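Presented below is the structure to which this report refers.
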Amino acid sequence: MESLPRYIPEHANPLRALSLAELRQRTSEKWRVYPQDVLPVWVAEMDVLPAEPVAQAIIDAVRLGDTGYATGTAYARALSDFAAKRWDWRTLAVERTAIVPDVMLGVVEMLRLVTDPGGRVIVNSPVYPPFYAFVTHMDRQVVEAPLGADHRIDLDVLEAAFRAAGATGERVAYLLCNPHNPTGTVHTEAELTAVAALAAEYGVRVVVDEIHAPLASPDVFVPYLSVPGAENGLSLMSASKGWNLAGLKAALAVAGPAAAEDLARMPAEAADGCSHLGVIAHTAALRDGVGWLDALLVGLDENRRLLAELLADRLPSVRYTPAEGTYLAWLDCRELGLGDSPATRFLERGRVALSCGTYFGTGGAGHARFNLATHPDILTEAVARMAASIRA
Ligand SMILES: Cc1ncc(COP(=O)(O)O)c(C=O)c1O
């Protein structure tokens, strides 16, 4: 392996630290699923050099042989402190948290607590494809309440879904994604408060996936459990997306005060798959990685602007509205006339890999998801390849 940069200064843009040649040495999914000539801007991994305190914590643990089983509340305490400082959310109680192996397994465990086999789980399509796969795999039914054309929750559609699902007399859950993958929508306090009121009215339990929360500006993100009426909600939080730690798995389930007894019913073995190194890395990120995160957010903002400019110039019929959260860009390619899966054309003729919109459920056809957490040069090259694939 060629020598890599050892670290970056805390306030430097971590998206500019690695070259394409260095990134191609990676062995993770993003860089290995497609052949070498394909530029990958698909799966939610970031092309960043890690925050130095995170890298150091992992190195120290490995050097010490501290590679056993996870225990303790350090991760939950770090999240609680981060939430208080970042979002002014001061009621994230460590005793109402549980470590889970990762966010999706945490989602499954929370849904098991509040629904029964065969029961309904409502989602806002288009949405992160594993929401369908995991919910179906655990023997629940997915019910779609599509987002509006503005990518925001349509409260009338949601209410109709709550009413219809509630009419079955079964226990119903709403799996909310905030910030929303793939659109990047950050739900407002008013929207979340309205959701909590509807959930209370129809007896629906809210489970919220807040994995992308650190990637939204702290001025706009509002934790669901902090809004009035959300006391019986359950949230999944993690440093995984914010600090690019998907390979160092760990997450936290957080219960509102009226859901504490539900969380207490989670079987102890549900926490067993969690990685001790993951917990160490996530704890260091939340505690000591905030300077790095802020520099990343500046870099992501620059990339959003760059992507908008490049698309306007090279692919003006692709509709893209820069979003407030996540590093994902949801591209409406319907005017290109490439059918349901424009990502197939981009891949086959442009040798650039985006995520195919149809995987995201209703509302995904004709769309593609672009991961803009990369070097601006790679982003520029990706758009050039997309444009070339249209001319080809
Ligand atoms: C909304 C959402 N939830 C969960 C995950 C996966 O998280 P984990 O690897 O912790 O299960 C992702 C990954 O991209 C995601 O976007």
Side-chain angles (χ1 to χ4, degrees), residues 28-30 33 40-48 70 75 79 97-111 121-135 137-138 142 147 151 153 173-187 206-216 221 223-224 234-254 270-275 277-279 281-283 285-286 300 323-330 353-357 359-361 364 369-374:
S28 62
E29 195 178 1
K30 184 178 189 185
V33 162
V41 289
W42 62 296
V43 69
E45 297 179 15
M46 292 197 281
D47 298 340
V48 287
Y75 185 11
L79 177 63
T97 65
I99 289 188
V100 284
D102 62 24
V103 165
M104 283 317 298
L105 292 178
V107 163
V108 166
E109 290 304 329
M110 297 308 104
L111 290 176
V121 176
I122 295 161
V123 303
N124 298 123
S125 61
V127 73
Y128 181 55
F131 277 21
Y132 296 89
F134 279 71
V135 170
H137 184 63
M138 68 180 291
V142 176
L147 293 177
H151 297 167
I153 296 171
Y174 171 40
L175 178 53
L176 172 64
C177 190
N178 187 33
H180 189 90
N181 175 356
T183 58
T185 312
V186 182
H187 306 306
V206 179
V207 174
V208 54
D209 176 340
E210 296 180 314
I211 193 171
H212 290 276
L215 291 162
F221 175 75
Y224 177 70
L234 291 155
S235 165
L236 279 307
M237 294 201 150
S238 173
S240 162
K241 289 296 135 198
W243 285 267
N244 199 40
L245 302 174
L248 288 156
K249 288 210 169 245
L252 285 162
V254 186
D272 279 355
C274 148
S275 155
L277 276 183
V279 169
H282 289 225
T283 305
L286 291 162
L300 290 177
E324 289 175 310
T326 80
Y327 47 74
L328 306 166
W330 184 236
L354 284 78
S355 301
C356 177
Y359 299 162
F360 295 78
R369 194 189 73 177
F370 186 114
N371 174 350
L372 48 74
T374 190

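Here, residue 1 is the first one in the sequence, and each next residue gets the next number. In listed order, ligands and their atoms are each counted from 1. What you see is a predicted model, and the numbers here were worked out from it, not measured in a lab.
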Tell me, please, which residues at least two apart from Leu105 pass side-chain contact (heavy atoms from CB on, under 4.5 Å). Pro101, Asp102, Phe134

Would you check ligand 1 and list the protein residues that come within less than 4.0 Å of it by any heavy atom, ordered by chain and number? Ala44, Asp102, Val103, Met104, Tyr128, Cys177, Asn181, Asp209, Ile211, His212, Lys241, Lys249

Do side-chain atoms of Thr326 reach the backbone of Leu328 as a donor and acceptor pair under 3.5 angstrom? yes

Please enumerate all residues that pass side-chain contact (heavy atoms from CB on, under 4.5 Å) together with Ala44, with sequence neighbours excluded. Lys241, Tyr327, Arg369

For Glu45, side-chain contact (heavy atoms from CB on, under 4.5 Å) partners two or more places apart: Ser28, Glu29, Lys30, Trp31, Val43, Asn244

Kindly say whether Ala253 contributes a backbone atom to a donor-acceptor pair with the side chain of Ser235 at under 3.5 angstrom? no

State yes or no: are the ring centers of Phe360 and Trp330 separated by less than 6.0 Å? yes

